[in-house]
Peer 1: 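I'd like to ask you about the structure that follows.
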Amino acid sequence: SLVALADPRSLWLTEADAAEVEERKKLGNEALKAGQIMDACVRYRIALVELRSRARQRSTEEAMVSAMQPLEMLCLNLSMAWLKQHSERRGDAPSSAPASEGDLAVVEQADPLGEAFRCADQALRLCSGRNAKAWFRRACVFQAAQDWRNAERDLDEALRRAPEDKAIAARRREVEEKAKEVAEYWYYARHKELDKGIGELKLGERECLHIVGREDPEPFPRPEDTHFPSHRWAAVALDSARDDSDEGSAVVPGVGTSAVFVPMALWTWEDLLPSCKSLRTMVVENTDLGAGAAEWICKGIRSHRSLEILQLLGAHLGSAGARCIANAMVENRSVVELKLDTCSLRDAGAETLFKALPENSTLLTLSLRDNAITPQGMKKLPSLFGDPDAKSGLSSLDLSANEVGFEGAKLIAEVLSQKGAGLREMILQHCQIDLAGFWRIANELHDDRTLAKLDLTGNPLGKGTRRIWLNTMSQTLRCQVIFSTKPAQDLASRAQRPGAANAPGERFPPPRDWF
């Protein structure tokens, strides 16, 4: 039961339940074809509720089918219905017939564009980004939101998985032209206003730069800004400070400033780090850097001589942004702490980083929490420490909230088996590491290794495993192993965390929640 709680894909349906969910989905399809958009939204939502309420752990006593594919298809269909509802509300499509009165209020109160995004994003998470249709659907949502650069990125991902698809290629060409227009607009029409606010930061004197994403930051965007995405997420600089103590360094948030950073205004990101000659700490939170800004930030990172802490948290970097970071870290010789949490790096991004970091001798702490990394993206991790030519001095690694599982545990055990590895701390919270994976890792914990702390909180390891470890092995080893004291509660709370399910009525999700 703990393993089922830890694995979000461990959902199964009986054949009878699967047939009933499929029948409800067909009713939604028929309503959509008939132009009854609100009715289709309601019927798809009912099908989703039915599926989630009936899905459960697999049983060997009856024939069952995986709930993942029908769940993914329902999310994609519902995303399309919400998109049509968005067009209808804008007046781009004829009004549809009313839905059933009981569920009509839910549909009317919801933000169609935000709901369309949530459903497409959920489909991407369910398929781990492997389905071209899911990338295409989310690109359509970005396009409807006038976020042309992100639409272009998602269509590129779709084309990698379906290179012969002419519809995707045509949409990609259309979006590319719009993205160029937006970049030109922000420079020629708005650069004076943006530069004025940023100039007030006195970047040349700053040791700490803290940028946080916000919806509708003043004075941008304006109602007439048709070149600004309708989800209206930009960022502001805070007057924060770095606090150094015996336990480490932390950023103490300050008050907001008048400096606004718009992801599409690429020149502002290009000049940022070259202007901050004394900068020691840079933190960017909940800001969409992946649509072009990351490339310009990384050009400044390469040769910066005083930057020590770099944290990009919820920055939607993607695999392309990870490649920019990797290239920058090969040349940088000042950064000692790099955090890229919740940046949707995925396997391709993680692999790129693990390939590049053996060339870096100064980085001590690396955090890649919650980036949809699987064992496929971890294959280059052992070479970070085991390659004879590796220069890495990494002492702390955090891979929490990624799908490590048993196969990933084997790779971690391979890392720990290398006497040359200088790791002192490894954090693997909520990584779906089961009993077999734990003992695979535990067999490599020896006192002649440097590892002093291994955090396995939130993994499907029962109280019996913890008790056996504490009463036997832990008394003879220097390495501290941390377990959950209440594993079932920890796993259940993780499964019900905010953003895990659709929340009708909320506005467009922030960048930190984007896959």
Peer 1: Could you check whether R173 pairs with E176 (Lys NZ or Arg NE/NH1/NH2 to Asp/Glu carboxylate O, under 4.0 Å)?
Peer 2: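 Salt bridge flag = no for E176 with R173.
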Peer 1: Kindly compute the distance separating OG (S128) from CD (E403), expressed to the nearest 0.5 Å.
Peer 2: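 If I round to the nearest 0.5 Å, the distance is 5.0 Å.
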Peer 1: Is the backbone of F136 close enough, under 3.5 Å, to the side chain of R171 for a donor and an acceptor to pair up by distance?
Peer 2: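 Between the backbone of F136 and the side chain of R171 there is no qualifying donor-acceptor contact (under 3.5 Å).
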Peer 1: Apply side chain to side chain contact (heavy atoms under 4.5 Å, CB included) to A436 and list each qualifying residue two or more places apart in sequence or on a separate chain.
Peer 2: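 Partners of A436 by the side chain to side chain contact (heavy atoms under 4.5 Å, CB included) criterion, ordered by chain and then number, come out as F406, D434.
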Peer 1: Under the 3.5 angstrom rule, does the side chain of W135 hit a backbone N or O of G129 as a donor-acceptor pair?
Peer 2: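 Yes; judged by distance alone, with no hydrogens or angles, the pair exists.
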Peer 1: For E425 and S396, run side chain to side chain donor-acceptor pair (under 3.5 Å): C-alpha distance rounded to whole Å, both residues' side-chain angles, the deciding distance at 0.1 Å, then the answer.
Peer 2: CA-CA 5 Å; E425 178 184 55; S396 177; 2.7 Å; yes
Peer 1: Dump the intermediate steps for side chain to side chain donor-acceptor pair (under 3.5 Å) on E174 and Q143, then the final yes or no.
Peer 2: CA-CA 10 Å; E174 176 187 342; Q143 185 177 9; 3.1 Å; yes
Peer 1: Where do L289 and L317 come nearest, in terms of heavy atoms and distance?
Peer 2: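 What the structure gives for the nearest pair is CB-CD2, 4.0 Å.
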Peer 1: Let's go through E22 and K25 carefully: what are the C-alpha distance in whole Å and the side-chain angles of both, what is the deciding distance for salt bridge (Lys or Arg N to Asp or Glu O under 4.0 Å) to 0.1 Å, and is it a yes or a no?
Peer 2: CA-CA 5 Å; E22 180 64 24; K25 188 182 81 169; 3.6 Å; yes
Peer 1: List the steps and the verdict of side chain to side chain donor-acceptor pair (under 3.5 Å) for Q36 and E30.
Peer 2: CA-CA 9 Å; Q36 299 170 348; E30 291 170 3; over 6 Å; no
Peer 1: Are the side chain of N29 and the backbone N or O of L27 linked by a donor-acceptor pair below 3.5 Å?
Peer 2: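 Such a contact is absent between N29 side chain and L27 backbone.
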Peer 1: Backbone N or O of W514 within a donor-acceptor pair of the D121 side chain at under 3.5 Å?
Peer 2: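 Absent.
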Peer 1: Could you list the residues that satisfy side-chain hydrogen bond (donor to acceptor under 3.5 Å, both in side chains) with E157, not counting sequence neighbours?
Peer 2: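 Partners of E157 by the side-chain hydrogen bond (donor to acceptor under 3.5 Å, both in side chains) criterion, ordered by chain and then number, come out as R160, R161, R346.
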Peer 1: Looking only at the side chains, is there a donor atom on one of E285 and Q311 sitting less than 3.5 Å from an acceptor on the other?
Peer 2: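 Q311 and E285 do not have a side-chain donor-acceptor pair below 3.5 Å.
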Peer 1: Quick one: do E88 and K84 satisfy salt bridge (Lys or Arg N to Asp or Glu O under 4.0 Å)? Show the steps, please.
Peer 2: CA-CA 6 Å; E88 188 176 283; K84 289 181 178 292; over 6 Å; no
